[in-house]
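Counting from 1, the numbers follow the sequence of the chain as shown.
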Amino acid sequence: MAELEAVAPLSDLISFLSSLLQNVAAANDLSPNLHHTQQISAFHGLARPSISIHCYLERIFKYANCSPSCFIVAFIYLDRFSQSQPSSPINSFNVHRLLITSVMVAAKFMDDMYYNNAYYAKVGGVSRAEMNLLEVDFLFGLKFQLNVTPNAFHSYCSSLHKEMWFHSPPHLDRPHPTLHEEESTNCLSIFGV
């Protein structure tokens, strides 16, 4: 029963992350300044994928069997990658490949058990050779800085929770997004996980 209750808030997080990434990609697609300075990277597809970011992230969530922490860490990695690679902003041509790569790298770093690159390639709809190349490119883009401190993790969790709260439909009985002492040790508890 507790497992079923934990799925709903986690799927809310997946929905919110996909919405956030969709907004970032759309904004960067429309930015005229980025078109002049943008570099094409290994993550850049020739065409926009037909699958939506939301459906793609749900697919990853369904098949990757990552811990809930992986999705937060993957988001942190995407943020770090964007900051260290300003000439390759997240857009609709690269967001899917960045997503599958960030989740795969987060799972390898965070989880005791994870799938191999061939499996993630199949989930992500790319070849194994491309998945290997994307992983190496992503690691160099992050400058191999994979460690996420507990404070950074907590900060991202808190920020995401607040953003989710502010963008959710209004409810009369919803509590204001604050963290209690006991929740500070497991920040995923704010998502009901």
Side-chain angles (χ1 to χ4, degrees), residues 10 13-31 33-35 37-111 114-148 152-153 156-157 159-160 163:
L10 191 54
L13 173 64
I14 298 300
S15 294
F16 181 74
L17 287 175
S18 64
S19 175
L20 186 66
L21 290 169
Q22 176 62 47
N23 291 341
V24 169
N28 286 336
D29 286 346
L30 296 174
S31 176
N33 296 338
L34 291 177
H35 293 288
T37 60
Q38 185 174 349
Q39 292 181 345
I40 304 299
S41 71
F43 298 97
H44 201 90
L46 298 175
R48 290 180 175 101
S50 58
I51 187 171
S52 71
I53 295 170
H54 179 76
C55 290
Y56 193 70
L57 194 54
E58 280 185 336
R59 176 179 170 80
I60 294 169
F61 172 68
K62 180 178 179 180
Y63 293 108
N65 295 318
C66 300
S67 67
S69 304
C70 279
F71 291 97
I72 303 293
V73 171
F75 180 72
I76 294 170
Y77 288 168
L78 286 173
D79 191 34
R80 287 180 181 176
F81 186 86
S82 294
Q83 290 176 24
S84 69
Q85 306 293 316
S87 60
S88 296
I90 293 174
N91 60 44
S92 60
F93 290 92
N94 66 14
V95 65
H96 294 77
R97 286 178 177 87
L98 285 167
L99 263 174
I100 189 65
T101 308
S102 66
V103 170
M104 181 184 73
V105 170
K108 286 182 172 185
F109 192 74
M110 296 290 297
D111 290 348
Y114 53 86
Y115 295 108
N116 62 25
N117 287 21
Y119 183 82
Y120 283 103
K122 194 171 205 171
V123 169
V126 298
S127 70
R128 184 189 61 188
E130 184 177 7
M131 189 80 257
N132 294 341
L133 174 68
L134 293 173
E135 179 183 30
V136 169
D137 223 40
F138 194 71
L139 291 169
F140 274 100
L142 290 174
K143 299 178 178 91
F144 293 86
Q145 299 297 315
L146 300 181
N147 189 44
V148 176
F153 185 82
Y156 274 87
C157 279
S159 294
L160 285 170
E163 285 293 317

Do you know the tightest heavy-atom contact between [X] and [Y]?
X    : Y    : answer
A121 : S127 : CB-O, 3.6 Å
F138 : F81  : CD1-CD1, 3.7 Å
P49  : S92  : CD-O, 3.5 Å
R80  : L142 : CB-CD2, 3.6 Å

If I take atom [atom1] from residue [X] and atom [atom2] from residue [Y], how far apart are they, to the nearest 0.5 angstrom?
X    : Y    : atom1 : atom2 : value
S18  : N23  : OG    : CG    : 9.5 Å
L21  : L57  : CG    : CG    : 7.5 Å
N116 : M104 : CG    : CE    : 9.5 Å
S84  : K143 : OG    : NZ    : 4.5 Å
L134 : T101 : CG    : OG1   : 4.0 Å

Which atom pairs, donor and acceptor, lie under 3.5 Å between side-chain atoms of residues 71-78 and protein residues at least two apart or in another chain?
| residue | atom | partner | partner atom | Å |
| --- | --- | --- | --- | --- |
| Y77 | OH | L146 | O | 2.7 |

Q | Residue pair I60, I14: steps toward the side-chain contact (heavy atoms from CB on, under 4.5 Å) verdict | A | CA-CA 10 Å; I60 294 169; I14 298 300; over 6 Å; no
Do [X] and [Y] have side chains that approach each other closer than 4.5 Å (heavy atoms only, starting at C-beta)?
X    : Y    : result
I100 : M131 : yes
S19  : H54  : no
L160 : L17  : yes
F61  : V103 : no
Y119 : Y114 : no

Q) Restricting to pairs with a member in residues 98-109, which pass salt bridge (Lys or Arg N to Asp or Glu O under 4.0 Å), not counting sequence neighbours? A) K108-E135
Q) If you look only at pairs with a residue in residues 117-133, which of them pass as a salt bridge (Lys or Arg N to Asp or Glu O under 4.0 Å), with sequence neighbours excluded? A) R97-E130
(Q) I'd like to know if the side chain of D111 reaches the main chain of S67, judged simply by a donor and an acceptor atom lying under 3.5 Å from each other, with no hydrogens or angles considered. (A) yes
Q. Which of parallel (below 30°), tilted (30 to 60°) and perpendicular (above 60°) describes Y56 and H96?
A.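 If you compare the ring of Y56 with that of H96, the planes turn out perpendicular.
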